Amino acid sequence: MQAFVLGAVLLSIAACTQKGGGPTPTPSPTPPPSSSVTADAFLRFWEDGRYSEMYDLLASSAQAKISRQDFIDRYEAIAEEATITGVDSVFEPSLDPAAAELPFSVTISTAFFGDIAQTNTMRLVKESRGGQEDWRVLWDPSLIFSELDDRSLVHFFTHVPRRGAIYDRNGTPLALDGQVHVVGVVNELIDDKEALIPPLAEKLGIPEEKIRETLEAGLPPYYFLPLKTLPYGTPPEELQPFEAMEGVVVRPQFQRVYPQGTLAAHTIGYLAEVTAEQLEELAAEGYRPGDMVGAAGLEAYFQEELAGERGGTLATITPEGTISHVIKKIETKPGLDVHLALDVNVQRVAESALGDREGSIIVMDPIDNSVLAIASHPTLDPNDFVAGLSTEVYQRLASDPREPFFHRAVQATYPPGSTFKVVTMAAGLERGGFTTSSTLPCTPQWYGLGAENVKRNWQTVDRGPLTLAQGLMASCNPVFYEVALTLDLIDPEILPAFASAFGFGQPTGIVGLEEAQGVAPGPEWKMEQYGEPWYSGDSVNMGIGQGFLLVTPLQLANMYSAVARTGVLRTPLLVQRLASTDGATVQEFSAEEINPLPVSQATLDAIHEGLTLVIASPSGTAYSTFLGSSVAAAGKSGTAEDIIYQDHVFFVASAPRDDPSLVALVALDEGHSGSLEAGPMVRRVLEAYLTGATGG
């Protein structure tokens, strides 16, 4: 690239004073201006975005056709519309300083369309201004894009690809771009509006006034005026009455639909209108105000993969809106489909079992650690977000004290209560010097921290000496107080280390969902958080799943999945694969190993024995809950009190107990007994799945 300096170069000859005097030489004349200098300056100003300086170089005739501000506005508007990020010109000056037509080439870099290369010709004319003659540009819009003229505009047409679908493990659609039908009216087709409004309002289930306001909106009579979008899957026979009504038109259109409604809504997520902040990043990808993007759940997590790549056409259009020339076109790339491990049949049973209780249910297959169901209540209908929530409705949902937006299964954290006792038992057997035959007293009160710090069991009877497995069976607090205190006296880091090794205090690593990490407290954590040392009482509280310990339902279910079968902690498998529209797998997922549990097989066997006794022994805390059940299960209940003195309850179980293929966990925000309130829900899920009653 060759740069030139505007203006003539003045040459002068220095005066020579000879000894004795002499004539002064006459200066040489100023060289004539070159058209190449002006053309080069115009292009350099364009590269730098100095539109006002470009305007100064225009011929008078060109300036008479467009004002300075309109000139600047046009360049800026085209740069924004075409997503121009830079201009790079190549110009070879002419050997003829008086050349009136000068060829040049330019590469216009854009964020969306890439580089657009054009060859063009700049026309110039010699003009005299202020007594100085110079070359000026005979500008017209074709110098921006060669396809552009005085009448046309540059427009970016966005082509939106098919958004990928979300399927369960059996191919049942949970989210897809589906055809729905929009019922509307066209004024010019209506003879008697007042006769039409009442029956139409009744059939649509909307107020008559809404139809009347729509008809009287003052739009052109040939406009289609939408009134209501019918649910996805509306049968043809339900469309016919509308089609038979005078002036009513039923239009098919494609939009995001969630065929299962509220089922697994927190996990699937929903779409929302792109925000101004998001547009700053997405505008270059072809997004515009009003476009929809993933806002929660899998729709948000896999936004890029599901959305695919938008295509577009950069074209000049006539004042009437028709395309006159295509400058560049980019084809769309359809989004990928997301195939889940979820089973809608199991999900439906889980949500039905949970009912209207605030809480969550997680169902996992411990063989491959896949997530068959993950329910959270209260829930939402993602279809409502596609249709567009009013500000009033959104505010009502956002201010609901039951927090319907909250995905309790992965984001809520609770003290785990007695469900944590398997960790304390494992640590005691591995590091505390206890054996499977060791017995500890199960008394109504425990004085291990001194008479002034008496701890109580949840039962008021003395159960006598119990093994650790029997301690699980009876959920005896004093047994686990004693184990926790023993561990603390050996090393206060032991129990916190086991909690971490069992997956607490860190995300599970589930792909597709944002999760809380919870808290696995220990001496270092407490000093950082509170500036206080770790006391034996902290270990004792932690031993029964209380104190500072906080876990998510998913962490707890994932830990029990590891205990139930493999003894290896893995990431929960929610997403199985991403696939192209033809079904070809693009990316596959599996349950990745996190770490083996720090226990021997003998310890695992002892834990299994205790969990079995919980349900199978008449002395077990959940014996009555599973009495007469068609499945043989092993499990544990838990009731925990949080810092605001509200009780949360849990129940988790695996079945069949000799060869587990299912783990189910229920967590309820409020309750008094894990066995009596959450236990029946777990039983219902296990029985439905293992007897084939889920319909899957």
Side-chain angles (χ1 to χ4, degrees), residues 416-448 455-487 495 498 502 539-546 559-560 563-564 567 597 599-627 629 632-640 649-658 660 673-676 678-679 682:
S418 295
T419 58
F420 183 78
K421 289 174 180 174
V422 297
V423 180
T424 307
M425 177 177 174
L429 290 172
E430 295 292 334
R431 296 289 305 278
F434 297 95
T435 68
T436 55
S437 58
S438 298
T439 60
L440 292 169
C442 184
T443 54
Q445 293 88 29
W446 180 77
Y447 297 94
K455 293 279 189 179
R456 302 184 185 279
N457 192 18
W458 65 279
Q459 287 183 310
T460 59
V461 297
D462 190 333
R463 299 291 297 267
L466 300 177
T467 65
L468 297 191
Q470 291 170 334
L472 278 185
M473 172 195 71
S475 199
C476 180
N477 288 343
V479 168
F480 295 95
Y481 289 148
E482 192 66 36
V483 173
L485 180 60
T486 301
L487 292 168
L495 193 53
F498 266 72
F502 274 69
S539 291
V540 167
N541 283 335
M542 189 174 180
I544 64 163
Q546 290 281 182
M559 181 269 278
Y560 271 87
V563 167
L597 298 179
V599 296
S600 65
Q601 186 59 50
T603 294
L604 270 182
D605 291 343
I607 292 172
H608 291 158
E609 179 191 354
L611 297 176
T612 296
L613 291 173
V614 168
I615 292 174
S617 170
S619 298
T621 56
Y623 177 76
S624 62
T625 300
F626 279 80
L627 190 62
S629 175
K636 187 72 189 77
S637 62
T639 302
V649 298
F650 303 90
F651 198 91
V652 56
S654 58
R657 66 172 67 112
D658 295 330
S673 169
S675 293
L676 296 179
V682 169

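The model shown is predicted, which means the values in this text are computed figures rather than measured ones. Basis for what follows: all heavy atoms, side chains included, without hydrogens, waters or symmetry-related copies.
Other residues, nucleotides and ligands contribute over 12 non-hydrogen atoms within 6.0 Å of the CZ atom of Arg657.
Residues Phe420 and Gly545 come closest through the heavy atom pair CB-CA, 3.8 Å. Across Gly464 and Asp462, no two heavy atoms sit closer than the pair N-OD1, 2.7 Å. Counting all heavy atoms, side chain and backbone alike, Arg456 lies closest to Asn477 at O-ND2, 3.8 Å. Nearest heavy atom pair, residue Asp658 against residue Pro660, reads C-CD, 3.8 Å. Across all non-hydrogen atoms, the minimal contact from Pro416 to Thr419 is O-OG1, 2.6 Å.
Glu430 has its side chain within reach of Thr603: a pair of non-hydrogen atoms, C-beta onward, lies under 4.5 Å apart. Counting heavy atoms from C-beta outward, Leu487 and Arg431 have side chains that approach closer than 4.5 Å. For the pair Val652 and Met559, the minimum side-chain heavy-atom distance is 4.5 Å or more. Using a 4.5 Å heavy-atom threshold, the side chains of Val483 and Met425 count as separate.
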Point to revise | Step-by-step side-chain contact (heavy atoms from CB on, under 4.5 Å) determination, Thr436 to Thr467 | key: CA-CA 7 Å; Thr436 55; Thr467 65; over 6 Å; no

Give every donor-acceptor pair under 3.5 Å between a side-chain atom in residues 440-447 and any protein atom, sequence neighbours left out.
from   : atom 1 : to     : atom 2 : distance (Å)
Thr443 : OG1    : Gln445 : O      : 2.5
Trp446 : NE1    : Glu482 : OE1    : 2.8

Throw together a table of side-chain donor-acceptor distances under 3.5 angstrom for residues 611-625, partners on residues two or more places apart or in other chains.
from   : atom 1 : to     : atom 2 : distance (Å)
Thr612 : OG1    : His608 : O      : 2.9
Ser617 : OG     : Ser619 : N      : 3.1
Thr625 : OG1    : Ser675 : O      : 2.9

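Here CD of Gln470 is found 7.5 Å from CD of Glu609. Values are rounded to the nearest 0.5 Å. For the atom pair Leu466 CG and Thr439 OG1, the distance stands at 8.0 Å (nearest 0.5 Å). Between the OG1 atom in Thr486 and the CG atom in Leu495 there is a gap of 11.5 Å [rounded to 0.5 Å]. Taken from NZ in Lys455 to CD in Gln546, the straight-line distance is 8.5 Å, to the nearest 0.5 Å. Atom CZ of residue Phe650 and atom NZ of residue Lys636 lie 12.0 Å apart, to the nearest 0.5 angstrom. Rounding to the nearest 0.5 Å places CD1 of Ile607 at 9.5 Å from CG of Leu468.
Listed for the Tyr481 side chain is no donor-acceptor partner under 3.5 Å among the backbone atoms of Asn541. Between the side chain of Asn457 and the backbone N or O of Cys476 there is no donor-acceptor pair closer than 3.5 Å. Between the side chain of Trp458 and the backbone N or O of Ser475, at least one donor-acceptor pair lies under 3.5 Å. Thr424 places a side-chain N or O within donor-acceptor distance of the main-chain N or O of Gly543, the cut-off being under 3.5 Å.
Residues passing the ring-ring contact (aromatic ring centres under 6.0 Å, His included) test with Phe480, sequence neighbours excluded: none.
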